[in-house]
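Single-structure report; data block below.
The chains referred to below are lettered A, B, ... by the order of the sequence lines, with proteins before strands, and numbering in each begins at 1. Only heavy atoms go into these numbers, but all of them, side chains included; no hydrogens, no water, no symmetry mates.
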Amino acid sequence: MRVATWNVNSLNARLEPLKEFLETRHPDVVALQETKIEDENFPEKFFKGMGYNCAFKGEKGYNGVAVLSRFEFDAVEKNFDWIENGQKRLIMVVVKGIKIMNAYFPHGKMIGSSYYKFKLDFIKKLGEYLKNYVSNALIITGDFNVAMERKDVYAPDIMQYSIGFSDAERKALKELYNTGFVDLFRMFNEEGKQYTWWDYRANSFKRNAGMRLDYIWATKKLAEKCRSCHIDKEMRSKPKPSDHAPIIADFEI
DNA sequence: ATGGTGGTAAGACCA
C-alpha cells in the first residue's frame, strides 16, 4: 500500500501536475492540503475517472483538505470544528482498517500573534484527540508547518526566531510526536538538508533553502510495516509547481 | 538575500 501527501497550493492550479503524479507514482491513498476549493466545485468525477474515491472538505481561497483513495472509505470524519475553529484543515478517513488523519496545520504568521497562539492551540488539541487512537493503526500526515530539528531547516540559527521553527512550535509538535508516532521519512534517512517546502521567492529551490514541514507519521506497529519513505523532489522541479513536494511511503500491507 | 513569487480574486490577503 502506497500512501502519499502533498500540499498542492490550489487544486485547480495543480490538476495537471497531480494527474501526472497519480499516473506515474501510482499511490493508493493521497492526502492533499490547501485545495482552496469549496465542496460543490471539487472535481470528484475527474478523480473517479482515474480510479480514486474522494473525501474532501474545502473552502474558497484558503485551506481545504482532501483524500483520494483507490480503496473504499470505511469511514470519513470531518467534524473537527473544536480544533480548527471553522477553518477547513482536518479530515480523517479509514481505509483497510487504518485511520488516516490528513492535517493542514495553521501557518501562524508571526511569533506571538493571535494566529501563532491559534497554531499552538491547534497542535495541542489535535494531540489530545489523537491520543485516544495511538494504540491502533493510525497515520497522521500533511503539512504541519513546523520543522522538527535543526537539520530540517536551511539556517537554524536565524530561523529559531521565525515562524515554523520557534521553540514553542517545536515543543508542541514534539509533544504530539511523543504520544506514539514514528516519522517515516526519518526511519530511512537521517541526513539533513532534506526539505519538503521551498519558498517561491528568492530562488529558494535552486539554493535548496527549504524546510521540512510535511510528514507522514505512523503509530509504532504500523511503522514496522513501512518499507520506504521518500520526498518526491522531482515534482517541485517541474513547471508550475506547488511550493511543497509530495512525500511517498510504501507499506507491506 | 528583509526582497523577492504565486494563488485567489479583482484590491488585498495569505503563504
Side-chain angles (χ1 to χ4, degrees), chain A residues 5-21 31-43 46 56-66 83-90 102-123 126 141-148 152-166 168-170 172-173 193 195-215 231-247:
Chain A
T5 183
W6 197 5
N7 178 323
V8 289
N9 185 20
S10 166
L11 188 57
N12 276 333
R14 224 62 62 205
L15 267 188
E16 277 309 308
L18 180 55
K19 181 172 182 281
E20 185 187 341
F21 179 74
L32 302 172
Q33 304 87 37
E34 280 202 88
T35 55
K36 300 186 179 180
I37 193 164
E38 61 273 59
D39 291 350
E40 55 267 37
N41 291 331
F42 191 91
F46 176 82
F56 44 88
K57 189 175 96 178
E59 60 190 300
K60 208 174 192 173
Y62 313 104
N63 308 321
V65 282
I83 302 174
E84 61 193 7
N85 198 20
Q87 301 172 21
K88 313 298 186 189
R89 294 181 176 278
L90 294 167
N102 176 21
Y104 174 49
F105 287 32
H107 176 269
K109 215 178 268 191
M110 291 274 289
I111 292 173
S113 68
S114 60
Y115 300 90
Y116 183 73
K117 291 182 179 75
F118 172 63
K119 179 178 193 175
L120 295 176
D121 191 50
F122 179 100
I123 299 171
L126 184 58
T141 184
D143 175 3
F144 297 179
N145 260 319
V146 182
M148 296 262 277
D152 293 325
V153 299
Y154 68 97
D157 291 329
I158 297 163
M159 293 168 78
Q160 60 178 311
Y161 305 110
S162 46
I163 199 73
F165 197 57
S166 69
E169 290 169 85
R170 291 170 67 190
L173 190 61
K193 298 185 171 65
Y195 308 128
T196 66
W197 172 85
W198 300 260
D199 201 310
Y200 284 124
R201 299 167 289 187
N203 223 1
S204 299
F205 185 63
K206 275 186 185 156
R207 295 187 297 123
N208 197 30
M211 300 172 78
R212 196 167 73 94
L213 302 178
D214 304 81
Y215 303 89
I231 298 163
D232 194 348
K233 203 173 168 182
E234 195 195 349
M235 294 307 299
R236 181 63 176 81
S237 67
K238 289 172 179 289
K240 295 288 282 180
S242 166
D243 45 354
H244 293 254
I247 308 171

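Set against B:dC14, B:dA15, B:dT8, the side chain of A:Ser10 has B:dT8 as its closest nucleotide. For A:Arg201, whose side chain is taken as the heavy atoms from C-beta onward, the closest listed nucleotide among B:dA1, B:dG7, B:dT5 is B:dT5. Distance from the side chain of A:Tyr115 is smallest to B:dC14 among B:dA1, B:dT8, B:dC14. Side-chain proximity of A:Lys109 to B:dA1, B:dT8, B:dA15: nearest is B:dA15. Of the listed nucleotides (B:dA15, B:dG6, B:dA1), B:dG6 has the atom at the smallest distance from the side chain of A:Tyr200. In this structure, of B:dA1, B:dG7, B:dA15, it is B:dA15 that holds the atom nearest to the side chain of A:Arg89.
Pairing for B:dT2 is absent, judged as Watson-Crick or G-U wobble with the two contacts each under 3.5 Å. Using N1 to N3 plus N6-O4 or O6-N4 for Watson-Crick, or N1-O2 and O6-N3 for G-U wobble, each under 3.5 Å, B:dT8 pairs with B:dA12.
OP1 or OP2 of B:dG7 has at least one side-chain nitrogen or oxygen of A:Lys240 nearer than 4.0 Å. The shortest distance between the side-chain N/O atoms of A:Arg14 and the OP1/OP2 oxygens of B:dG7 is below 4.0 Å.
Map A:Asn63 and A:Asn203 each onto its nearest nucleotide of DNA chain B; the residue landing nearer the 5' end is A:Asn203. Both A:Thr35 and A:Asp199 lie near DNA chain B, and the one whose nearest nucleotide falls closer to the 5' end is A:Asp199.
Atom C1' of B:dG6 sits at a distance of 16 Å from the matching atom of B:dA10, rounded to the whole Å. Rounded to whole Å, the separation between the C1' atoms of B:dA1 and B:dC13 comes to 24 Å. Only the C1' atoms considered, B:dG4 is 16 Å distant from B:dC14, to the nearest whole Å.
For A:Lys60 and B:dA10, the NZ to P distance is 8 Å, given to the nearest whole Å. In this entry the distance linking CH2 of A:Trp198 with C1' of B:dG3 reads 21 Å, nearest Å. At whole-Å resolution of the value, CD in A:Glu38 and P in B:dT8 are 11 Å apart. Here B:dG7 presents its P atom at 12 Å from CG of A:Asn7, a figure rounded to the nearest Å. At whole-Å resolution of the value, CG in A:Asp143 and P in B:dA15 are 10 Å apart. Computed from coordinates, the A:Lys119 NZ to B:dC14 C1' distance equals 14 Å when rounded to whole Å. Nucleotide B:dC13 holds its P atom 19 Å from the CG atom of A:Asn9, rounded to whole Å.
Between A:Phe42 and A:Phe56, the ring planes lie parallel to each other; the angle is under 30°, not in the 30° to 60° tilted range.
Under the 3.5 Å distance criterion, with hydrogens and angles disregarded, a donor-acceptor pair is assigned to the side chains of A:Ser166 and A:Tyr116.
At a threshold of 4.0 angstrom between heavy atoms, the contacts of A:Tyr104 are confined to the sugar-phosphate backbone, with no base atom among them.
The residue from A:Phe122, A:Tyr115, A:Tyr215, A:Phe118 that alone fulfils the ring-ring contact (aromatic ring centres under 6.0 Å, His included) condition with A:Phe105 is A:Phe122.
Contact check on A:Glu20 versus A:Lys238 returns a salt bridge, with a Lys/Arg side-chain nitrogen under 4.0 Å from an Asp/Glu carboxylate oxygen.
Among all heavy-atom pairs drawn from A:Ala103 and A:Leu126, the shortest one is CB-CD2, 4.4 Å.
With sequence neighbours excluded, the residues satisfying side-chain hydrogen bond (donor to acceptor under 3.5 Å, both in side chains) with A:Asn41 are A:Glu38.
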